[in-house]
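What follows is a single structure, written as C-alpha cells, with notes after it.
Just so it is clear, the values below take in all heavy atoms, side chains as well, and ignore hydrogens, waters and symmetry mates. Residue numbers run from 1 in the order of the sequence given. As the structure lists them, so they are numbered: ligands from 1, and atoms in each ligand from 1.
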Amino acid sequence: MVTANSIDDLLKATSTLKGSVGFVPTMGALHEGHLSLIRRARDENDSVVVSIFVNPTQFLEGEDLEAYPRKEEADAKICELAGVDVLFMPTIDTMYGKDELKITAPAIRGFILEGTKRAGHFDGMLQIVMKLLNLIAYNKPSNFNAYFGKKDAQQLVLITQMVKNYFINVNIVPCDVVRDSDGLALSSRNIYLSKEERVRALSLSRSLKRATELVMQKEFSSSTIIEEMKKVLSEVEVEYVALVNREFEQIDRVELGNTIILVAARVGTTRLIDNLWI
Ligand code: PAF
C-alpha cells in the first residue's frame, strides 16, 4: 500500500493503477461500516483507493471538529490489511487554498432535514467530495466507482445529483447500512455514547423496525408511521422522523421500492441518524 499525503504523491501513485478503481472516501476512525465499503470496492475493482480526511468545511460552528476521533495509525493498518492500494491522507492546506470557490447544496433537497438542522454542512461535504472525485478521476481509470453508505442517505442523494449536474465521470455505488448485532447503525460517533446512552440509542433502529412492521401490515400513511415511531423514541431527543422518496421529497404515503424512512435524534450530547430504504 502506498500512503500519499500530497497531491503530487497521490497522482503519482494513481497513475500506476491498472484497470478499474474503487474509491472509498472517509473521515477516518474506521469501523466495520467503512470496512464493508472497502471490501466491496476490493471485490468489484482492480484497484482500491481510500481517503482519510476530517473535512473542516462540513463541520458547523460548535460541532465536534476538534474532538472528532482521529486514529490515523490504526486506520492505515486496517487499510493495509484490507488490501487497499493507495491511502490518501492529506492535510487541510493540501485540500484548501484561500478564498475558495464554493458549492451550494440544491435549494430544496439540500435544505430540508439534515440541511435545516446542519445548515452549511452539505455545502462543505459536496465541496470536498467534488475535489476528491476529481483527484481520483485525474489519471482516467478505465472504470471509476465511488462507494458511499446509505446511512447518510441525504448525503448520498446529493452526491449523486452533483455527479449528474457537474458531469463527473464516476459511478456512485450506494452500500447498505451496517449494524452492530444489537441493531445500532455503525457510526464513528458511537464511541461518544456512555453505556446507558448506548442502550437508549437502540430506540432509533427499534423505531425503524416498528415502521417495517407497520408497512408489512399495509399501514402506508406517513403520519401514522411517524406517530408510532415517535412512541418508540420516547427516551431520546427526536430531531426529526420523516418519510421521503428517493428524490428526497416528503411523501404522505409509503411508495414501496421508492421510500426512505429517516430518523435523527440526540442521545445525551451525541447526534445520531438512521434510516430504512423500502
Ligand atoms: O461520510 C463521510 O464520512 C464524509 O461526509 C465524506 C463523504 C468522507 C466527505 O468528507
Side-chain angles (χ1 to χ4, degrees), residues 4 10 22-38 40-41 48-60 63-72 75-76 78-79 82 84 86-92 94-96 100 102-105 109-110 113-115 117-137 144-163 166 168 170-178 185-192 248 260 262 264 270-275:
L10 173 71
F23 175 49
V24 183
T26 80
M27 296 207 299
L30 301 182
H31 51 64
E32 201 47 47
H34 298 110
L35 258 177
S36 75
L37 305 183
I38 296 173
R40 181 150 175 207
V48 176
V49 180
V50 171
S51 65
I52 295 180
F53 180 63
V54 182
N55 173 39
T57 65
Q58 70 187 76
F59 286 78
L60 307 182
E63 287 192 343
D64 54 346
L65 174 61
E66 300 308 325
Y68 197 83
R70 288 165 173 83
K71 301 181 171 182
E72 278 144 25
D75 286 348
I78 289 171
C79 287
V84 171
V86 179
L87 174 61
F88 182 44
M89 293 210 287
T91 61
I92 294 176
T94 302
M95 295 311 290
Y96 289 106
E100 285 236 338
K102 302 275 191 317
I103 296 181
T104 308
R109 58 178 82 86
L113 304 171
E114 289 297 292
K117 297 292 170 196
R118 303 182 70 200
H121 160 74
F122 285 133
D123 301 355
M125 180 282 292
L126 290 169
Q127 185 182 22
I128 195 66
V129 172
M130 164 89 99
K131 284 170 184 266
L132 291 167
L133 292 178
N134 284 335
L135 279 171
I136 309 305
F144 175 22
N145 302 303
Y147 294 78
F148 292 90
K150 286 183 178 172
K151 177 166 165 289
D152 292 302
Q154 201 169 354
Q155 164 172 292
L156 172 60
V157 167
L158 294 177
I159 290 169
T160 306
Q161 179 178 353
M162 178 178 74
V163 163
Y166 287 88
I168 306 174
V170 60
N171 308 309
I172 300 299
V173 186
C175 300
D176 288 339
V177 180
V178 180
L186 296 189
S187 161
S188 302
R189 291 191 166 104
N190 289 352
I191 59 164
Y192 299 150
F248 250 81
I260 312 172
L262 303 143
T270 310
R271 186 171 185 278
L272 299 174
I273 57 171
D274 200 350
N275 63 60

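- In this structure, SG in C79 is found 11.5 Å from CD in E72, a value given to the nearest 0.5 Å.
- Shown in contact with I128 at under 4.0 Å from a heavy atom are these atoms of ligand 1, numbered in order with element: 9 (C), 10 (O).
- Here is the list of ligand 1 atoms found below 4.0 Å of a heavy atom in P25: 8 (C).
- In summary, the atoms of ligand 1 found under 4.0 Å from a heavy atom of M125, numbered by their order in the structure, are 5 (O).
- Rounded to the nearest 0.5 angstrom, R70 CZ and D75 CG are separated by 11.5 Å.
- Residue-level proximity to ligand 1 for T26 is carried by the backbone, the only part with a heavy atom below 4.0 angstrom.
- Residue K71 qualifies as open at atom NZ: its count of foreign heavy atoms under 6.0 Å is 12 or below.
- N55 and Y68 share no donor-acceptor pair across their side chains, judged by distance under 3.5 Å alone.
- When only non-hydrogen protein atoms are considered, atom 2 (C) of ligand 1 lies nearest to Q155 NE2, 3.9 Å.
- With values rounded to the nearest 0.5 angstrom, S187 atom OG is found 8.0 Å from I273 atom CD1.
- With hydrogens left out, the protein atom closest to atom 3 (O) of ligand 1 is M27 CG, 3.7 Å, a heavy atom.
- From E32, atom CD reaches atom CD1 of I38 across 10.0 Å, with rounding to the nearest 0.5 Å.
- At least one N or O atom of Q58, backbone or side chain, sits closer than 3.5 Å to an N or O atom of ligand 1.
- Taking distance alone, with nitrogen or oxygen atoms compared against 3.5 Å, N55 stays at or beyond that limit from ligand 1.
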